[in-house]
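Here's the structure, in structure tokens; my notes come after.
Just so we're on the same page: letters track the sequence lines, and every chain starts at 1.
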Amino acid sequence: MPEIPERPSLDGLEATWSAEWERSGVFRFDRTKTRAEVYSIDTPPPTVSGQLHLGTVFGYVQVDAMARYRRMSGREVFYPMGWDDNGLPTERRVENLYGVRCNPTLPYEPDLHIEPVERRSRSERPREVSRRNFLELCERQTAIDEAGFESLFRTVGLSVDWQTNYTTISAQSRRVAQQAFLNNFRRGDAYLSHAPTLWDVDFQTAVAQAEVEDRATKSAYVRLLFRAADGSPVEIDTTRPELLPACAAVVVSPEDERYQHLIGTELRTPLFDVAVPVRAHRLAERDKGTGLAMVCTFGDTTDVTWWRELGLPLRVVLGRNGRFQQETPEWLVKADAAYQEVAGKTVFSARARLVELLAEHGDIAGEPRPIEHPVKYYEKGDRPLEIVSSRQWYIRNGAEDESLRARMQANADALVWHPEFMRARLKNWTDGLNSDWLISRQRFFGVPFPVWYSLAADGEPDWDNPILPQPEQLPVDPQADTPDGYTPAQRGEPNGFIGDPDVMDTWATSSLSPQIVCGWGRDEELFSRTFPMDLRPQGPEIIRTWTFSTMLRSLLEFDRLPWGSISINGWILDPDRKKISKSKGNAKDQPADLIAEFGADGLRYWACHAGQGVDTAIDRGQMKVGRRLATKLLNVSRFVLGLLPEAGADHQTTLTPLDLAMLRQLHAVAVQAEADFERNDYRRSLEGAENFFWKFCDDYVELVKARAYGEADGQASAHLALEYGLSVLQRLFAPFLPFVCEEVWSWWQPGSVHRADFPGANSDLARLLASQQPATGADVLDVACETVRAIRRAKTQRQLSMRAAVSAIQVTGPAELVAAVELASVDLRLAGAAAEVGTAAGGTELQVEVEFDGGVHTA
RNA sequence: GGGCGUUUAGCUCAGCGGUAGAGCACUCGGUUUACACCCGAGCGGUCGCUGGUUCGAUCCCAGUAGCGCCCACCA
């Protein structure tokens, strides 16, 4: 038996045991196990964009507790970790950290040395680097960040098999993403389309519906004066006066009697004097503004509908960089001077200038009226989205296909949700889909589309017949690789080819996480043992993205659910209950600092005290409680092990009624803990174990320690019960407090506690209890606890030490309870430091009289 | 505007048809040799509000208010 420290400490357990787990490979996945023996978890790959947030650690610790339970219950847990380093957040981190921007037209500089910049002022221009240099920087920085992530996750005790680690930018992930895309394309589920799309002018990329959010934004109604044919003014409210040069029509509700006479006529726009038709459309609302709406290409998504359904001309004035184009558009040649006032300006400054000009011309009625209204932003962007026409790749998602939507909903219904109410979030999203999934991004650090286009003699690409690679060629980079049948020299030449310049949205890869980790197309043997997966844990904010898209890709590829159940964690809130946003961060609650202060086990205790889907305040008090629990586990383990005989307890011993009662209660707790964990209700499992643990320490151990020392008959029974009690409790806490449990387990048991049997219905304890007398009468432990508490209360009220001598204890009460007291009277006498314990039947409640030298205290 | 969650002791949260629970905080007490990063005892709540169902409601139903999240076509 290893040495038990004289003064056990929690300090350093994280470093000691995480190193030992790595050395022994206790969490290594054994791929010889069958599918039924495996429990596979589709772990979310955290976005690599700097530091891990406390909220991330919070969710992952809960999952780890579930994983550890499954492992202890006999399943082989497939629990890979990944890093989502593919995509815009990573690009943006690199841009900010190094003060660079990618310019794909620049040549590669092999010896370029760029270091992080300390602090860059807003005015300072970023340094432009080539695509290849930029990608190298991304790879370099993600490697640094990922090493930090892994270190923190090891310190917090995640029991992942680090040998199965993956990244979403790796060759393996690119191959899976490209293969899945090609399959989608061949089946007609992926298609190329030229259409207006939401566009971020800063990142200069299209964005998908799922990445768009509404933000309340200050704006103002401006009432413009259009002119009717007879020269009379027609008032139209707009919040986008700068788009007046892009005005293509005016719409009005067909039921609006005020404007019936205008329908079918033309109005002339102020300042630019362009004739635009007045059209009726059901989406025009008579109660908004003056009831007339100015249609511009494009001010908002309703404009897109009007433009399409009314067959309006495309009048584009805004460039992809968010500035008004320099050259005066052909429909404004007569208003060249006016247009040049805004040419080259941003939306913001063009709006100000145009309002000035309109006011000078007397084309504005009244003053602008400030309002606040919802405006669409890219979730990671700072300026409102614009709408531009561009050629983009889409994947069908059911938005325009009711049968696909119905199949998605049927799959969602079949999924097991924790908590159940989160199911509505996905249904909400699926019901509200309004366009297919736009997956192409005009960015750089991502998975390229594995597609080339042939060029005609006139140099025009043939968009309709893309050139595809062979499966064995994947992954390909069409910007660098040449398609079969062409030579590199033909790139960009007439009768040659071009590569698709875009990369896939990060979700287009993340949505394939089960395919990536389970070895789809690479390791079919592994795939058959791990897919479909058992559990998808994740945050609530990515139900519409990750949950939905993973289910979609699995449906399209396999016509099945990718997992059996999904667990949604809650939000982390500031101590004052404000939601912590990722962008704001919260410097004082860095995970590493909290681990240093409360230990990984303390932090984990706090996290595991929160149920799925429950928003939880950052509560240092709870972390302190967790640390105290861990410390208690050290101390009680040391004490109990010190009581046990060198060779261990005699397992043939007949247990005393009190010892038997304690073990029966513990068994009930363990059975319940197992049932809770089977429903993934880790929180209740922890609470049950914790409640019993304090009773075990404060009451049971106190009651039996004298007997365990040998001061009364029944020493062997106490030894046996203490041994089982300690062993079961250490195992019950192991999923939550892995470090301290491994420490105390190592003092007396072989192997890791994390591969020991979780004590449930069929445990070693169950077998021991089956060999003992069945329970009869009142619960001896409960009655003894009640009695001993009464004794303590008497001593406290007399301001005496707990060790103070008592001349006699007299217990009266119902016969059944008194009988139970008698069965534990020796333990009660020793624990109460009493000369004698007497009992008498009578009354309806247990009554304890404590006699001191000089008085009787009744409790 | 639609959906979901939440509202219980000063704080953080359990409970969910049958006399209100935990931890923290607070008060008081304790040299108990496992633990002072400890131990013991105690104070503290008309369970958001209004109706309804029921012998009985914190718990079920309806409505209502505050808070939070998700979704929604920016005139």
Side-chain angles (χ1 to χ4, degrees), chain A residues 4 7-10 213-215 217 219 221-222 224 236-241 243 250-252 283-285 287-296 298-306 371 373-377 384-385 387 419 421-429 431-432 434 540-541 543-544 570-571 573 575 577-579 598 606 609-611 613-622 624-643 683-684 687 690-691 694 697-698 701-702 705 789 791-804 833:
Chain A
I4 301 175
R7 290 192 61 81
S9 165
L10 299 175
E213 64 185 25
D214 286 348
R215 293 184 203 160
T217 304
S219 181
Y221 273 125
V222 177
L224 301 181
I236 299 178
D237 278 339
T238 180
T239 57
R240 302 286 315 258
L243 288 179
V250 169
V251 292
V252 61
L283 287 182
E285 294 176 35
D287 294 335
K288 279 197 181 175
T290 61
L292 293 166
M294 172 174 110
V295 182
C296 306
F298 297 98
D300 63 32
T301 54
T302 320
D303 281 345
V304 177
T305 307
W306 284 327
I371 56 158
H373 64 168
V375 174
K376 286 191 185 304
Y377 285 75
L385 291 170
I387 295 173
F421 68 77
M422 285 290 180
R423 183 191 297 277
R425 300 273 185 104
L426 182 64
K427 179 167 169 41
N428 231 348
W429 174 252
D431 288 347
N434 58 31
E541 76 282 11
I543 289 175
R544 64 174 175 168
W571 280 113
L573 307 170
R577 295 202 62 82
K578 294 251 169 52
K579 178 190 157 192
F598 302 105
W606 159 74
H609 241 266
V614 178
D615 293 349
T616 305
I618 297 174
D619 187 350
R620 303 169 77 86
Q622 281 296 311
K624 206 170 102 186
V625 172
R627 185 176 176 81
R628 176 176 307 174
L629 176 63
T631 303
K632 191 75 173 180
L633 208 45
L634 282 179
N635 285 319
V636 79
S637 295
R638 190 177 92 86
F639 180 57
V640 167
L641 293 179
L643 295 174
R683 184 179 59 83
R684 277 177 191 261
E687 276 182 5
E690 190 185 4
N691 287 338
W694 288 105
C697 293
D698 296 341
V701 172
E702 291 297 326
K705 69 183 179 186
R789 282 186 198 128
I791 297 167
R792 288 198 293 237
R793 195 177 310 123
K795 291 183 179 180
T796 294
Q797 287 173 1
R798 296 201 155 212
Q799 305 199 346
L800 291 171
S801 155
M802 287 303 116
R803 222 170 53 161

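Considering every non-hydrogen atom in both A/V252 and A/A284, the closest pair reads C-CB, 3.4 Å. When every heavy atom of A/R638 is checked against every heavy atom of A/I4, the shortest pair comes out as CG-CG2, 3.4 Å. In terms of heavy atoms, A/K795 sits closest to A/A833 at NZ-CB, 4.2 Å. Nearest heavy-atom pair across A/I236 and A/L292 is CG2-O, 3.5 Å.
Nucleotides B/rC43 and B/rA20, compared at atom P, are 15 Å apart to the nearest Å. Comparing B/rU32 with B/rC47, their C1' atoms are spaced 39 Å from each other, to the whole Å. Separating the C1' atom of B/rG48 from that of B/rG5 is a span of 15 Å, rounded to the nearest Å. Taking the C1' atoms as reference points, B/rA9 lies 14 Å from B/rG42, given to the whole Å. Between B/rG2 and B/rU64, the two P atoms lie 11 Å apart (nearest whole Å). For the C1' atom pair drawn from B/rC60 and B/rG56, the interatomic distance equals 13 Å after rounding to whole Å. Distance check on atom P: B/rA14 versus B/rU53 gives 31 Å, rounded to whole Å. Taking atom C1' on both B/rC24 and B/rA65, the two are 30 Å apart, rounded to the nearest angstrom.
The shortest distance between the side-chain N/O atoms of A/K427 and the OP1/OP2 oxygens of B/rC4 is not below 4.0 Å. Between A/R792 and B/rC39, a side-chain N or O to OP1/OP2 separation shorter than 4.0 Å is absent.
The closest donor-acceptor contact from the side chain of A/W571 to the backbone of A/D615 lies at 3.5 Å or more, if one exists at all. No side-chain donor-acceptor contact under 3.5 Å links A/D303 to the backbone of A/V295. Distance alone, capped at 3.5 Å, is enough to place a donor-acceptor pair between the A/T616 side chain and the A/V614 backbone.
The separation between A/E213 atom CD and B/rC69 atom P is 12 Å, rounded to whole Å. Whole-Å rounding puts the A/L633 CG to B/rC37 C1' distance at 15 Å. Put simply, CD on A/E285 is 17 Å from P on B/rA72, counting in whole angstrom units. Summarising the geometry, the separation between CG on A/D615 and C1' on B/rU7 is reported as 13 Å, rounded to the nearest angstrom. If you measure from atom CZ of A/R627 to atom P of B/rC38, you get 11 Å, rounded to the nearest angstrom. Taking atom CZ of residue A/R7 and atom P of nucleotide B/rC35, one finds them 7 Å apart after rounding to whole Å. To the nearest angstrom, P of B/rG23 lies 9 Å from CD of A/E690. Protein atom CG of A/L629 is 12 Å distant from nucleotide atom P of B/rC24, rounded to whole Å.
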Check: Pairs counted as Watson-Crick or G-U wobble with both distances under 3.5 Å: what dot-bracket string results for RNA chain B, using | for bases tied to another strand?
Finding: ((((((((.[[[[.)..(..]]]].(((((.......))))).....[[[[[..)....]]]]])))))))....

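A cation-pi arrangement is absent between A/R627 and A/F598, since the terminal nitrogen or guanidinium carbon is not both under 6.0 Å from the aromatic centre and inside a 45° cone about the axis.
Across all strands, A/V614 comes closer than 4.0 Å only to sugar-phosphate atoms, never to a base (heavy-atom distances). Contacts of A/N434 with the nucleic acid, taken as non-hydrogen atoms under 4.0 Å apart, involve only primed sugar atoms and P, OP1 or OP2. A/A284 comes within contact range of at least one nucleobase, with a heavy-atom separation under 4.0 Å. Residue contacts shown for A/W606 are absent, as no nucleic acid heavy atom lies under 4.0 Å away. Nucleic acid contact for A/L385: base, since at least one base atom lies under 4.0 Å from a heavy atom of the residue. Nucleic acid contact class of A/G299 (heavy atoms, under 4.0 Å, all strands): base.
Considering only heavy atoms from C-beta on, A/T217 stays 4.5 Å or farther from A/P374 through its side chain. With a 4.5 Å cut-off on side-chain heavy atoms, A/R425 and A/P540 count as touching.
Take the nearest nucleotide of RNA chain B for A/D214 and for A/G289: the residue whose nucleotide is more 5' is A/D214.
Distance from the side chain of A/R683 is smallest to B/rG15 among B/rC37, B/rG15, B/rG2. The side chain of A/R684 lies closest to B/rG15 when the candidates are B/rG15, B/rG2, B/rA14. Here the nucleotide nearest the side chain of A/W571, chosen from B/rG2, B/rC73, B/rC69, is B/rC69. Which of B/rC74, B/rC4, B/rA72 sits closest to the side chain of A/H373 comes down to B/rC74.
Within the model, atoms CZ of A/R544 and CG of A/L426 stand 12.5 Å from one another, a figure rounded to the nearest 0.5 Å. Interatomic distance, CG of A/D214 versus NZ of A/K376, reported as 4.5 Å (0.5 Å rounding).
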Item checked: Per-nucleotide protein contact string for nucleotides 25-34 of chain B (B base, S sugar-phosphate only, - none; heavy atom under 4.0 Å) -> S---SS-BBB

